[in-house]
Amino acid sequence: MALIPPVTRLSSSIIRILGCNPGPMTLQGTNTYLVGTGKRRILIDTGDPDVPEYIKHLNGVLKEEKASIGTILLTHWHHDHVGGVKDVLKTCADKDCQVFKFPRTDAEDVCPEIPSDIKVEKLLDQQVFEVEGGKVKIHHTPGHTTDHVILTTEEGTLFSGDCILGEGTAVFEDLYDYMKSLDKILNIKPSVIYPGHGNVIEDPLEKIKYYINHRNQREQQIFNCFVEHKDKKMQAMDVVKIVYKETPEQLWPAAAYNVSHHLTKLQKEGKLQMLPNPDNADDNFYVFQKSSSL
């Protein structure tokens, strides 16, 4: 894994500022991107809250560029993407800087990390934002979250948020929507992907196809697990211990989260039978559906 510097100029109009919030799920940290060449720039994502080192690097870039932030675009509601909004607005942005995010459909559209006195405008699918030297287009790509968006430029750059990562694979809330979003990204045919976490993806089409094939292969592995244990009822973590043997145990909870969505999908397709868990409705048991065609 190549080390990501705190600040990297990726092109004449795009600068990456690392969120300085490393962790098992954020990798080396959240990538935020400053777009444009003029005095007012667009900032894509803001990292976690209360990370002075990130704000120091962002302020340093703006000072060197003789610029400020006029627009903040958030790819989705997770804390490591929206948490820095209050700190950015306080020290790095114009007084009239606007914050935009696509609305959630699965819950109240409130981000606890963003104070209630900060207005968050609604992003629209296909909406375009333009500053001197930079223009981005919004594409709604649900799956990781219901409000997730990616952004594209006319030059073929795609900012993937957490839909596609520079290392490993992503988690998701809805597998069906996520697969549709991957197909949408594949059809865009980006020339390069700047992910929310991890290094720049220089071979985007191969990466997207890998993601699609990986999920399909995982689903087959999960189903085969039940075929091989036809009379055994299992929960998501039971499957993880069999299918994800090579995955570090610290990532098993995230793997179980993904597996649970595969189980739901397989159950809807009539391949598995769900057995309600009287002790925990969110962690049901599943068993091979004997009427399923192999």
Side-chain angles (χ1 to χ4, degrees), residues 1-6 16 18-32 45-51 53-54 75-84 111-113 143-145 148 160-175 178-179 182 193-201 207 210-226 228-229 232-266 277 279-286:
M1 178 173 60
L3 183 66
I4 298 176
R16 178 183 61 199
L18 186 63
C20 302
N21 56 336
M25 299 303 295
T26 58
L27 304 181
Q28 294 182 56
T30 303
N31 294 323
T32 75
D45 285 334
T46 63
D48 265 313
D50 306 316
V51 184
E53 190 178 1
Y54 167 65
T75 58
H76 62 292
W77 68 272
H78 285 166
H79 65 86
D80 57 312
H81 294 261
V82 308
C111 301
E113 296 80 13
H144 176 70
T145 57
H148 195 281
S160 64
D162 280 2
C163 196
I164 297 176
L165 306 180
E167 178 189 349
T169 54
V171 297
F172 43 83
E173 293 179 348
D174 187 293
L175 178 57
Y178 182 63
M179 296 301 286
L182 290 179
I193 292 178
Y194 295 155
H197 304 276
N199 281 287
V200 174
I201 300 168
K207 185 78 167 185
Y210 167 76
Y211 263 53
I212 293 171
N213 292 334
H214 176 75
R215 288 268 63 92
N216 289 334
Q217 289 169 1
R218 277 299 191 206
E219 183 162 303
Q220 190 60 51
Q221 288 177 316
I222 291 166
F223 181 57
N224 288 344
C225 182
F226 283 89
E228 293 166 6
H229 303 83
K232 183 178 180 180
K233 62 179 185 180
M234 291 185 280
Q235 296 173 301
M237 187 55 76
D238 298 319
V239 176
V240 168
K241 291 176 181 178
I242 297 172
V243 175
Y244 288 74
K245 289 179 180 178
E246 297 180 1
T247 300
E249 286 193 35
Q250 65 180 5
L251 297 179
W252 280 8
Y257 179 82
N258 279 358
V259 166
S260 67
H261 290 286
H262 279 289
L263 297 179
T264 299
K265 179 174 178 289
L266 289 167
N277 182 354
D279 299 321
N280 185 353
D282 294 326
D283 194 12
N284 295 308
F285 291 93
Y286 290 83

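Because only heavy atoms are used, hydrogens play no part in the values below, and waters and symmetry mates are left out as well, while side chains stay in.
Pairing each heavy atom of G196 with each of H81, the nearest pair is CA-CE1, 4.4 Å. Here the shortest heavy-atom pairing between R215 and Y178 reads CD-CE2, 4.2 Å. In terms of heavy atoms, L266 sits closest to I222 at CD1-CG2, 4.0 Å. When all heavy atoms are compared, the tightest approach of H79 to P49 is O-CD, 4.0 Å. Between E173 and H144, the shortest heavy-atom distance links the atoms CG-O, 3.1 Å. When all heavy atoms of W252 and K241 are compared, the pair lying nearest together is CZ3-CG, 3.6 Å.
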Please report the C-alpha distance between I212 and N216 in whole Å, then the side-chain angles of each, then the deciding distance to 0.1 Å, and finally whether the side chain to side chain contact (heavy atoms under 4.5 Å, CB included) criterion is met. CA-CA 6 Å; I212 293 171; N216 289 334; 3.9 Å; yes

Side chain to side chain contact (heavy atoms under 4.5 Å, CB included) for R16 and I4? Distances and angles first, verdict last. CA-CA 10 Å; R16 178 183 61 199; I4 298 176; 3.6 Å; yes

Take V171 and M25 through the side chain to side chain contact (heavy atoms under 4.5 Å, CB included) test and state the conclusion after the steps. CA-CA 9 Å; V171 297; M25 299 303 295; 4.1 Å; yes

What verdict does the side chain to side chain contact (heavy atoms under 4.5 Å, CB included) test give for Y54 and T32, after you've listed the backbone C-alpha separation in whole Å, the side-chain angles of each residue and the deciding distance to 0.1 Å? CA-CA 10 Å; Y54 167 65; T32 75; 2.9 Å; yes

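With hydrogens and angles disregarded, a donor-acceptor distance shorter than 3.5 Å links the side chain of Q235 to the backbone of D283. Remark: the backbone N or O of A236 is not paired with any side-chain donor or acceptor of Y257 at under 3.5 angstrom. A donor-acceptor contact shorter than 3.5 Å is absent between the side chain of Q221 and the backbone of Y244. Here the side chain of N199 pairs no donor or acceptor atom with the backbone of G166 at under 3.5 angstrom. A side-chain donor-acceptor contact under 3.5 Å links H197 to the backbone of T26. Between the side chain of T30 and the main chain of G47, no donor-acceptor pair closer than 3.5 Å is present.
When each of D238, I242, V240 is tested with C225 by the rule side-chain contact (heavy atoms from CB on, under 4.5 Å), just one qualifies, namely I242.
Under the 4.5 Å side-chain criterion, counting only non-hydrogen atoms from C-beta, N31 is in contact with L18. Inter-residue side-chain proximity for D80 and D45 is flagged as unmet; no heavy-atom pair is nearer than 4.5 Å.
Using bins of under 30°, 30° to 60° and over 60° for the plane-to-plane angle, the ring pair F172/H261 lands in the tilted bin.
Note that CD1 of I193 is 4.0 Å distant from CD1 of I164, once rounded to the nearest 0.5 Å. A distance of 9.0 Å separates CG of L182 from CG of L175, quoted to the nearest 0.5 Å.
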